[in-house]
Protein chains: 2
Amino acid sequence: MAKTVEQISSALNLSITTVRLVLNGQAERYRISQKTQKKIQDYVNKYGYTINHIARSLKLNKTETLGLIVPNLSNPFFSSLAESMELSCRSKGYRLMICCTHNDPEHEKKLLASLEERNVDGIFVVPVTEETQMYHIKTSNKPIVFLDRDFAQNDSSWVVSDNFESGYALTSSMFKLIQKPIVFFAGAPILPPVKERIAGFISAMVENGIDKKDCEVFYSQTDLVNDGELLMKEYIETHNDIPQNFIASSLPILEGIISFLRQHLGYIPDSLNIGAFDEHIMLNFLANNIWSMKQNDKDIAENAIAIMNNKILGEKSSDQIKIKTEIISRLKKK
Amino acid sequence: MAKTVEQISSALNLSITTVRLVLNGQAERYRISQKTQKKIQDYVNKYGYTINHIARSLKLNKTETLGLIVPNLSNPFFSSLAESMELSCRSKGYRLMICCTHNDPEHEKKLLASLEERNVDGIFVVPVTEETQMYHIKTSNKPIVFLDRDFAQNDSSWVVSDNFESGYALTSSMFKLIQKPIVFFAGAPILPPVKERIAGFISAMVENGIDKKDCEVFYSQTDLVNDGELLMKEYIETHNDIPQNFIASSLPILEGIISFLRQHLGYIPDSLNIGAFDEHIMLNFLANNIWSMKQNDKDIAENAIAIMNNKILGEKSSDQIKIKTEIISRLKKK
DNA sequence: TTGTAAGCGTTATCAT
DNA sequence: ATGATAACGCTTACAA
């Protein structure tokens with residue numbers, strides 16, 4: 001199978017050019033005779049022909065492939081982002097190579113290098129640290145669009161959610177119902193989205209008459225399930241009680257918090273009012289009042305690929321786009 | 001940046017071969033002078049060098065890249081499978097290209113063709129239908145390892161979970177506690193895993209003295225959230241009641257079931273006993289007794305890549321491996 | 001110790 | 001209407 005053009009042409013006693021012209025649909029333009037066309041078509045129908053994209057890439061110096069580097073796929077936000085990115089890329093005629101860094105900065109650098117070696121046309125990155133982001137900006141010679149977060153605050157291109165607004169809206173919504181202070185469990189406050197969500201949270205609290213020093217924020221190191229557990233543990237140790245109203249800065253953090261409660265108490269009190277960043281249908285599983293801020297990953301993906309396309313086409317735009325989030329509330333029926 | 005070997009050699013007035021030898025770590029073998037080596041090293045340190053993997057691939061006819069085709073990434077099982085696959089591949093020196101079919105057979109065929117055009121060294125597929133699986137087997141000229149399901153029942157290579165045993169174990173475990181008939185909500189019974197899980201379920205029920213005709217199985221078309229909702233709707237319409245004890249054939253189906261209950265009743269009765277295929281930490285969110293069968297995606301990934309490696313090395317093994325699953329039970333404290 | 005040259009399968013340009 | 005050929009950057013065998 002998988003004849004090359006060379007094989008086809010020699011089998012049919014035609015020149016490579018002739019075969020290529022009909023294979024590339026330029027038969028009419030060059031007025032290749034019907035007979036020749038048919039001969040070639042028949043042969044291809046019989047034996048098949050799969051173009052060698054590698055050779056094509058070498059010649060044209062483009063691969064029609066883009067790279068996506070995310071921390072992981074177990075965070076549902078990243079997996080749905082990856083899925084949306086893959087869809088958007090394909091609709092623009094690109095393949096997507098998805099890689100995970102597992103939060104390892106060195107790994108992230110190696111992945112970027114490896115994508116460049118493979119000559120992808122452009123790279124999307126959810127950077128793990130400020131340092132890696134700066135490194136990529138400095139060393140890469142491919143178009144880069146950063147996703148989900150921007151540490152750099154320079155003229156690099158990025159598409160992120162409007163996290164301040166998101167934190168503000170979530171907090172306001174919750175406060176309207178519960179009228180009480182809310183605790184914020186923050187995964188990794190080094191991450192700009194977390195920082196901004198906290199800022200939005202505090203801003204909304206203050207606006208609702210809560211003193212800034214009464215806004216409790218618990219910090220952790222990373223955005224993983226384990227840290228959610230530690231955060232809740234820490235709260236319980238310091239307060240000798242569980243928090244009635246809280247917000248989790250990401251789904252993995254929430255997963256950890258709930259897991260810890262389940263272990264600690266044996267159940268999840270359904271009186272808790274819970275706010276969450278990122279939406280997931282499994283939030284339905286909770287019996288509580290629950291508000292979640294859904295990021296619009298389709299929108300993020302489409303904007304990101306549009307920017308990338310511009311860059312590839314040589315327009316040196318350095319676009320920076322904030323995408324609106326949407327609140328989903330699930331309230332108990334009384 | 002990104003000098004090519006050609007550029008380096010002409011800049012330093014050395015031959016291409018010389019530069020290449022030191023870049024490929026063969027300097028000692030060919031006794032390149034220290035001075036020359038240093039000159040090259042310094043230059044590369046200063047200007048950088050990223051090998052053109054595309055050109056290399058064209059010459060060597062291998063890309064060190066594998067393809068993975070899954071239905072989607074929103075099903076947490078597939079996203080964690082993809083993550084594990086990516087890890088395993090990388091540990092063996094391969095890149096992984098992840099693509100989603102969104103359950104579209106034609107799409108699946110196109111993706112496979114496109115991976116072949118890109119000359120990947122091998123392809124992992126979670127096939128959507130028997131027809132596509134057969135098609136791949138017949139038309140592909142790359143090594144293929146099927147994952148999660150095998151429709152073909154011939155000598156193709158696959159790695160799947162032991163789904164009969166999985167269904168049997170889950171049902172037995174649940175029955176031990178509840179001693180009552182259990183309802184099975186089946187996503188897409190055309191899928192071999194679902195079929196086998198049902199067979200295991202029935203086998204366990206019968207063994208526990210339940211008459212086979214009292215084993216209720218509700219069927220649907222696909223494995224998506226929407227079908228879970230329809231299944232529960234159908235049950236409620238025919239029984240005028242909700243099922244006390246049930247099993248969902250996949251997480252999306254369970255998500256649909258729970259969502260429907262939440263809409264229909266306004267809450268999830270915590271008396272329900274729930275069995276689920278595939279594990280997810282968010283099952284912690286449910287207040288119910290819940291048993292889940294965890295597939296060992298790391299094991300699946302490692303076996304799959306091992307088989308692939310053999311195939312690539314030319315050993316015509318057609319391995320077929322069933323991976324054990326593990327039960328996770330979360331029982332309410334009394 | 002260093003250099004030369006063929007070839008991988010395309011594309012693109014120029015001849016016939 | 002069809003054919004010949006250079007070039008993309010790499011590997012590899014062989015020559016000097």
Side-chain angles (χ1 to χ4, degrees), chain A residues 1-41 43-44 47-65 114 116-121 141, chain B residues 1-41 44 47-65 114 116-121 141-142:
Chain A
M1 300 229 166
K3 303 291 182 185
T4 77
V5 169
E6 152 76 28
Q7 289 170 313
I8 298 179
S9 63
S10 72
L12 297 180
N13 259 317
L14 293 166
S15 93
I16 294 193
T17 311
T18 310
V19 175
R20 221 173 270 295
L21 286 175
V22 348
L23 253 34
N24 293 348
Q26 309 202 286
E28 297 316 316
R29 194 141 76 82
Y30 286 86
R31 287 180 260 183
I32 308 288
S33 72
Q34 291 298 323
K35 216 169 60 183
T36 313
Q37 287 191 45
K38 185 147 177 17
K39 236 175 27 179
I40 296 173
Q41 279 307 340
Y43 188 90
V44 166
Y47 296 102
Y49 165 62
T50 71
I51 191 175
N52 185 328
H53 221 277
I54 295 287
R56 183 169 200 272
S57 297
L58 178 61
K59 178 66 187 172
L60 299 183
N61 193 31
K62 60 179 183 179
T63 51
E64 273 109 34
T65 300
S114 142
E116 303 210 328
E117 287 174 358
R118 261 140 177 118
N119 210 15
V120 295
D121 297 339
N141 40 25
Chain B
M1 301 234 163
K3 304 291 183 186
T4 79
V5 169
E6 153 76 27
Q7 289 169 314
I8 298 179
S9 64
S10 73
L12 298 179
N13 258 316
L14 293 168
S15 92
I16 294 193
T17 314
T18 310
V19 176
R20 225 174 265 295
L21 286 176
V22 346
L23 252 32
N24 293 349
Q26 308 201 290
E28 299 314 316
R29 193 142 77 82
Y30 286 84
R31 286 182 262 186
I32 309 287
S33 72
Q34 291 298 324
K35 215 169 63 184
T36 312
Q37 287 192 45
K38 184 148 175 19
K39 232 170 38 175
I40 296 173
Q41 280 307 342
V44 166
Y47 296 101
Y49 166 63
T50 70
I51 191 177
N52 185 329
H53 220 276
I54 294 286
R56 185 172 198 272
S57 297
L58 179 60
K59 176 67 186 172
L60 300 183
N61 195 30
K62 60 178 184 181
T63 50
E64 273 109 33
T65 300
S114 140
E116 302 210 329
E117 287 174 357
R118 263 142 175 116
N119 210 15
V120 295
D121 297 338
N141 39 24
K142 298 284 175 192

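Naming convention: chains lettered A, B, ... in sequence-line order (proteins, then strands); numbering from 1 in each chain.
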Asks: Name all residues meeting the side-chain hydrogen bond (donor to acceptor under 3.5 Å, both in side chains) criterion together with B:Thr17; count only those two or more places apart in sequence or in a different chain, and write none if there are none.
Replies: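 Per chain and number, B:Thr17 pairs via side-chain hydrogen bond (donor to acceptor under 3.5 Å, both in side chains) with no residue.
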Asks: With sequence neighbours left out, write down each residue that passes side-chain hydrogen bond (donor to acceptor under 3.5 Å, both in side chains) with A:Thr65, or none if nothing qualifies.
Replies: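 So A:Thr65 forms a side-chain hydrogen bond (donor to acceptor under 3.5 Å, both in side chains) with B:Arg118.
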Asks: Respond yes when some side-chain nitrogen or oxygen of A:Ser57 is under 4.0 Å from OP1 or OP2 of D:dC8, and no when none is.
Replies: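 Checking D:dC8 against A:Ser57, no side-chain N or O comes under 4.0 Å of OP1 or OP2.
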Asks: In chain order, what residues pass the side chain to side chain contact (heavy atoms under 4.5 Å, CB included) check against B:Leu60, with sequence neighbours excluded?
Replies: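 Once residues adjacent in sequence are excluded, the partners of B:Leu60 under the side chain to side chain contact (heavy atoms under 4.5 Å, CB included) criterion are B:Arg56, B:Lys62.
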Asks: Measure the distance from NZ on A:Lys62 to P on D:dG9 and round it to the nearest whole Å.
Replies: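 After rounding, the gap between these two atoms is 16 Å.
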Asks: To the nearest angstrom, how far is A:Arg118 atom CZ from D:dC10 atom P?
Replies: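 Interatomic distance, CZ of A:Arg118 to P of D:dC10: 14 Å.
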Asks: Treating primed atoms plus P, OP1 and OP2 as sugar-phosphate and everything else as base, which nucleotides of nucleotides 6-16 of chain C get B, S or - for protein heavy atoms under 4.0 Å?
Replies: -BBBBBS----
Asks: Measure CG/A:Asn61 against P/D:dG9 and give the value in whole Å, please.
Replies: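 From A:Asn61 CG to D:dG9 P: 7 Å.
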Asks: Measure the distance from CD1 on A:Ile54 to P on D:dT11 and round it to the nearest whole Å.
Replies: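 That distance rounds to 14 Å.
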Asks: Could you work out, with side-chain hydrogen bond (donor to acceptor under 3.5 Å, both in side chains) as the rule, every residue matching B:Asn24, not counting sequence neighbours?
Replies: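 B:Asn24 satisfies side-chain hydrogen bond (donor to acceptor under 3.5 Å, both in side chains) with no other residue.
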Asks: Rounded to whole angstrom units, what separation is found between the CD atom of A:Glu116 and the C1' atom of D:dG9?
Replies: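 About 17 Å, once rounded to whole Å.
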Asks: Report yes if at least one side-chain N or O of B:Ser15 is closer than 4.0 Å to OP1 or OP2 of C:dT2; otherwise report no.
Replies: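 No, B:Ser15 has no side-chain N/O under 4.0 Å of OP1/OP2 on C:dT2.
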Asks: Starting from C1' on D:dT2, measure out to CD on A:Gln34 and report it in whole angstrom.
Replies: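 It is 16 Å, rounded to the nearest whole Å.
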Asks: Under the side-chain hydrogen bond (donor to acceptor under 3.5 Å, both in side chains) rule, collect the residues that match up with A:Lys59, sequence neighbours excluded.
Replies: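 Checked A:Lys59 against side-chain hydrogen bond (donor to acceptor under 3.5 Å, both in side chains); zero matches.
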